[in-house]
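This report concerns only the one structure given below.
A note on names: the letters A, B, ... follow the listed sequences, proteins ahead of strands, and every chain is numbered from 1.
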Number of protein chains: 2
Amino acid sequence: MARKDQIRQKAQALFRERGYRATSMRDLAETLGMEAASLYNHISSKEELLQQICFAMADQFFEAVEPVVASPLGPKEKLRAAIEAHLGVIAASADASAVFLHEWRHMGEPFLNDFKLMRRRYEKMIRAIVEEGISLGMFRKIDPSLVVRTLLSGTNWTYESYKSHRLQGKLSEQEISEITSILVEGIITR
Amino acid sequence: MARKDQIRQKAQALFRERGYRATSMRDLAETLGMEAASLYNHISSKEELLQQICFAMADQFFEAVEPVVASPLGPKEKLRAAIEAHLGVIAASADASAVFLHEWRHMGEPFLNDFKLMRRRYEKMIRAIVEEGISLGMFRKIDPSLVVRTLLSGTNWTYESYKSHRLQGKLSEQEISEITSILVEGIITR
DNA sequence: CCTACCGATCGGTAGG
DNA sequence: CCTACCGATCGGTAGG
């Protein structure tokens, strides 16, 4: 079991660095000091690795953001808290987040469809905050779907922050707060 | 020559839809109604296609944004115009933009390094606008590198807008303006 | 966890 | 632009 976790961790790093299709099972085995065939004592297929990474991250995002949505905060504070929670998940699992964001399309059915449905549900959850804010006159009247995509997309670079020249290491609490602020302030009515 | 353009156009669509590594030359040939071997009368390699797509898009982004940077606009209007120009390029070439944004890492050296340098130069150009705005007290005091990454990342979903349920078809001028506004307003001091 | 190996598929070439 | 084909590599299995 511990071995399987090691495999998954290395798979996350390689899938993120090179992409799922460009990572061979031989590559993965090599980083673990074993032969490719030996991997199959711990996993059943390459795609199973991808599925587990993607759906485990989906769980993480929901676990972080759902309590915020259920909270009694007002739209502005709720949206801020949701984006901060979302950023916190990426910061906590940068490799797996990058795989979640970019490699999911290489899953086969029926997992692919499940994944798309899950993502739709996630966006819908955040969209509800935006819609409430608009209806209360606190947020600008802009297509909520467009708003949510811009918000989430604006966070999607952060998994690579630790590789950047200027922004090395994990994002600090303050940086997470600043990114959130940039995104949320652009939506608030003046 | 016209044939080569057809090949490139189909390659853009397939690389974008399935990813570079998951697109075979046989896939590409099939969409063109020819055999894989015949492609090599028009191109020299699969990677050449990727390089030409990526660097052609790089040229487009620079051609759109450089005049804005050189203009006498103030930081706020200049940043707005730069983001709008950036969004305009994506809207005009959605497939190629998606490839530019996601598939570049599959280029080999020395092209890969050239590409990274080019991207750095592009970000630096936009960062200069942000830095000027901060120094004039018009923009909030936030790490300009973080700001630029958030801005550009916030535009990176737009190439898929025409596939979305709620946002079908190319982005309208108004939608481009709204996205720009969300991103830029979040940076301006109050 | 390894050796040995499989059928499938890959990018690309030769020759016409 | 096609047929025929190449060596390399792929994900995965058999058997120990």
Side-chain angles (χ1 to χ4, degrees), chain A residues 1-55 95-96 99 102-112 115, chain B residues 1-55 95-96 99 102-112 115:
Chain A
M1 254 307 144
R3 196 63 168 145
K4 181 161 182 179
D5 287 342
Q6 284 176 13
I7 293 172
R8 208 156 90 170
Q9 199 179 345
K10 296 291 189 183
Q12 285 167 5
L14 287 176
F15 291 172
R16 176 253 180 95
E17 242 170 73
R18 310 180 188 180
Y20 176 75
R21 293 296 290 250
T23 302
S24 74
M25 295 306 274
R26 285 158 181 83
D27 293 336
L28 178 56
E30 196 181 2
T31 69
L32 288 152
M34 51 168 50
E35 295 300 319
S38 304
L39 290 168
Y40 292 89
N41 287 305
H42 302 95
I43 61 164
S44 67
S45 71
K46 184 186 179 186
E47 199 187 314
E48 185 205 59
L49 278 171
L50 180 62
Q51 288 158 13
Q52 291 184 354
I53 295 167
C54 287
F55 286 102
D95 286 338
V99 174
H102 297 309
E103 308 299 330
W104 57 269
R105 61 178 164 170
H106 296 112
M107 282 189 282
E109 299 295 359
F111 305 96
L112 184 58
F115 186 86
Chain B
M1 253 308 144
R3 197 65 170 145
K4 181 160 183 182
D5 286 342
Q6 283 177 14
I7 293 172
R8 207 157 92 171
Q9 197 179 344
K10 295 290 189 184
Q12 284 167 4
L14 287 175
F15 291 172
R16 176 252 180 97
E17 243 170 71
R18 311 180 187 179
Y20 176 75
R21 293 297 289 249
T23 301
S24 74
M25 295 306 272
R26 285 159 180 83
D27 293 335
L28 178 56
E30 196 181 2
T31 71
L32 289 153
M34 51 165 56
E35 295 300 319
S38 305
L39 291 168
Y40 292 89
N41 286 305
H42 302 95
I43 61 164
S44 66
S45 71
K46 185 186 180 187
E47 199 187 313
E48 185 206 59
L49 277 171
L50 180 62
Q51 288 157 13
Q52 291 184 355
I53 295 166
C54 289
F55 285 102
D95 287 337
V99 175
H102 297 309
E103 308 300 330
W104 57 268
R105 61 178 163 173
H106 296 112
M107 282 188 282
E109 300 293 359
F111 305 96
L112 184 59
F115 186 86

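- For B:Lys46 and B:Tyr40, the positive end is not near the middle of the six-membered ring at less than 6.0 Å and at most 45° from its axis.
- With rounding to whole Å, B:Leu32 atom CG is found 13 Å from D:dC1 atom C1'.
- The CE-P distance, from B:Met34 to D:dC2, rounds to 6 Å in whole Å.
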DNA chain D base-pair string [pairs: Watson-Crick or G-U under 3.5 Å; |: paired with another strand]: ||||||||||||||||
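- If you take NE2 of B:His106 and C1' of C:dG11, they are 15 Å apart, rounded to a whole angstrom.
- Regarding B:Met25, its CE atom lies at a distance of 21 Å from the P atom of D:dC6, rounded to whole Å.
- If you take CD1 of A:Ile43 and P of D:dG11, they are 10 Å apart, rounded to a whole angstrom.
- Using a 4.0 Å cut-off, no side-chain N or O of B:Arg21 falls inside it from OP1 or OP2 of C:dC10.
- Under the side chain to side chain contact (heavy atoms under 4.5 Å, CB included) criterion, A:Ala37 pairs with no residue, sequence neighbours left out.
- When the side-chain nitrogen and oxygen atoms of B:Ser38 are compared with OP1 and OP2 of D:dC2, one or more of them lie within a distance under 4.0 Å.
- Whole-Å rounding puts the B:Arg26 CZ to D:dC10 C1' distance at 14 Å.
- Separating the CG atom of B:Asp27 from the P atom of C:dG11 is a distance of 8 Å, rounded to the nearest angstrom.
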